[in-house]
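Here's the structure we're looking at; comments come further down.
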Amino acid sequence: MQKKPTYEELEQRVKESEKEAIRHKKAEEALKESHRYTRELIEAAPDPLVVISPEGEITDVNRATEVVTGYPRDKLIGTHFSEYFTDPRKARQAYLQVLREGHVRDYPLEIRHRDGKVTPVFYNASVYHDAKGDIAGVFAAARDITRRRDAEQELRKNEKRLKALLAEVAAKNEELDSFVYRVSHDLKSPIVTIDGFVGALREDFGDVLSEGGEKYLKYISDAARKMELLINDLLALSRIGRVTRKKTEFPFARLVKDALKALQPQIKARGIVVNIQEDLPVIYGERMRLARAVDNLLTNAIKYIGKENPSPRIDVGVEEQDGQKVFFVRDNGIGIEKRDFDKIFQVFHRLPSAKKQVGEGTGVGLTIVKRIIEHHGGKIWLISEPGKGSTFYFTLKNKEA
Amino acid sequence: MDYEPSNILLVEDEEAHAELTRRAIRKAGNANRIDVLTDGEEALDYVFNRGKYADKAKYPLPGLIMLDIKLPGIDGIEVLKQIKEHPVLKKIPVIMLTTSDREEDICRSYVHCANSYLTKPVGFKEFEEKIMQIDSYWMLLNKPPILSEA
């Protein structure tokens with residue numbers, strides 16, 4: 001038989017059950033609050049979120065879904081989710097893939113609004129399970145990619161425009177080159193005449209020419225020679241890239257030695273010590289053109305070695321820079337101001353200091369070098385300091401590339 | 001009639017260049033006849049003995065043709081082509097003498113069987129020397145073809 005509770009005990013129980021009720025209510029409120037919080041989150045999401053049953057029926061949607069489809073919630077729920085895409089078949093395939101693989105990522109689809117407006121989206125979805133572990137449905141989110149797609153289209157359009165523009169520039173360049181070529185050739189013919197008849201005049205009428213007359217003839221033939229140099233350089237410049245020769249592999253050292261052989265008189269006259277690094281690599285390219293580039297660089301090095309240089313020296317070699325083979329021609333000559341680094345590669349650009357040092361020159365030599373190197377897919381640059389010398393660096397593409 | 005021709009035909013539209021060339025040939029001691037023509041059509045009339053050059057006795061076939069490429073009307077390459085396609089004329093040595101060192105011109109000349117390709121050098125001495133060398137090689141060292149006319 002049960003003992004009758006005392007009054008105090010009863011009072012205690014009542015208090016506890018009251019406390020219990022409060023706790024219960026609080027828990028209920030917390031749960032409600034949590035639901036509300038979750039719901040708000042879902043509703044606040046900018047992406048359309050949809051819950052779909054295993055059969056494909058919409059069981060829940062958020063506000064964004066109403067906006068993108070144009071249908072209110074109660075009209076959406078219970079319908080088949082694929083109806084709202086421009087390509088329902090493709091949408092169903094995505095859904096089957098979710099059921100099969102558990103999820104789908106960035107699946108491109110298009111949602112159709114009830115008034116016809118189409119929104120391109122990336123469809124992302126995952127399955128969710130019930131307590132028993134069976135598939136209870138699919139959570140799906142669609143990300144509006146209109147802006148991204150527009151940007152991509154714009155990018156493609158710009159790319160196309162740029163390509164067309166580049167092609168136009170290339171065509172114009174080619175036209176200009178062939179123009180320079182034709183003009184240069186046409187200019188050569190009168191020089192043959194000028195210099196030819198200055199010679200004929202000297203030979204046939206030299207005895208009746210005064211000293212002044214002879215001086216004038218010299219001015220004429222010097223000018224003709226200068227023009228010839230200029231024309232030859234222009235011709236060479238316009239031919240790079242326009243006339244392409246077969247590319248071969250050959251030792252860089254050979255190129256350097258051949259160039260130096262032809263330059264021996266000037267090297268000797270100035271007492272220049274030339275040092276060629278051993279084990280220079282084999283290079284790949286149009287041999288004659290690269291020979292010209294190396295020749296021009298060496299010629300420059302000699303020209304600008306400086307009249308009062310006590311120990312003139314030129315170094316030719318190769319070094320590693322950022323894992324790339326970089327060839328160099330280094331001199332301890334008069335050097336170049338940093339602000340002139342770009343200018344010296346421009347056609348017809350001659351620095352005043354260069355004019356003072358060596359006089360003659362066409363202002364095309366380094367332009368030719370740059371074009372040859374770039375034609376071979378390489379780069380050319382320099383470091384230099386007035387009074388200390390210059391180092392010209394260049395790279396070349398490997399055969400594989 | 002078989003004969004060894006010794007005259008030179010110079011086809012050159014630039015009067016001054018023709019004068020320099022003739023001068024150099026004479027300086028080399030060559031006193032043979034030099035005919036100068038200034039365009040391609042005339043050159044073809046000359047070698048084919050057509051039109052005003054119909055008189056074969058007055059205009060015998062040359063032993064050497066020096067041919068410029070850039071000519072008004074029919075250019076030097078076309079003249080060369082027609083000469084080299086002819087069974088008799090093709091035996092005459094034809095030297096292309098031009099300011100052009102275009103790969104294309106060189107290539108086309110040899111495709112049409114030019115016997116030599118030379119560029120006109122700038123510089124009086126160089127020009128003179130080259131012409132004198134041409135003269136001494138082709139007119140003295142080289143054994144000319146025997147041309148038999150039909």
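Reckoned from all heavy atoms, side chains included, excluding hydrogens, waters and symmetry mates. No experiment lies behind these values; they were computed from the predicted model shown. Naming convention: chains lettered A, B, ... in sequence-line order (proteins, then strands); numbering from 1 in each chain.
Within a 6.0 Å radius of OH in B:Tyr110, more than 12 heavy atoms belonging to other residues, nucleotides or ligands are found. Other residues, nucleotides and ligands place more than 12 heavy atoms under 6.0 Å from the NZ atom of B:Lys130. For NZ of A:Lys218, the number of neighbouring non-hydrogen atoms (other residues, nucleotides, ligands) closer than 6.0 Å is 12 at most.
Contact detail for B:Leu20 and A:Val192: the closest heavy-atom pair is CD1-O, 3.8 Å. Scanning all heavy atoms of the two residues, the minimum distance from B:Thr99 to A:Ser189 falls at CG2-CA, 4.0 Å.
To the nearest 0.5 Å, atoms CD (B:Glu15) and OG1 (A:Thr193) are separated by 10.5 Å. Here NZ of A:Lys188 is found 6.5 Å from OG1 of B:Thr119. Values are rounded to the nearest 0.5 Å.
Side chain of A:Asp195 to backbone of B:Phe124: a donor-acceptor contact under 3.5 angstrom is found.
Contact tally against chain B (heavy-atom pairs below 4.5 Å) for A:Met227, A:Glu203, A:Glu228: the top residue is A:Glu203.
Ion pair A:Arg225/B:Glu126 flagged as a salt bridge, since at least one NZ, NE, NH1 or NH2 atom sits closer than 4.0 Å to an Asp/Glu carboxylate oxygen.
Neither the backbone nor the side chain of A:Arg202 comes within contact range of chain B, judged by heavy atoms closer than 4.5 Å.
Using a 4.5 Å heavy-atom cutoff, the side chains of B:Arg23 and A:Asp204 are in contact.
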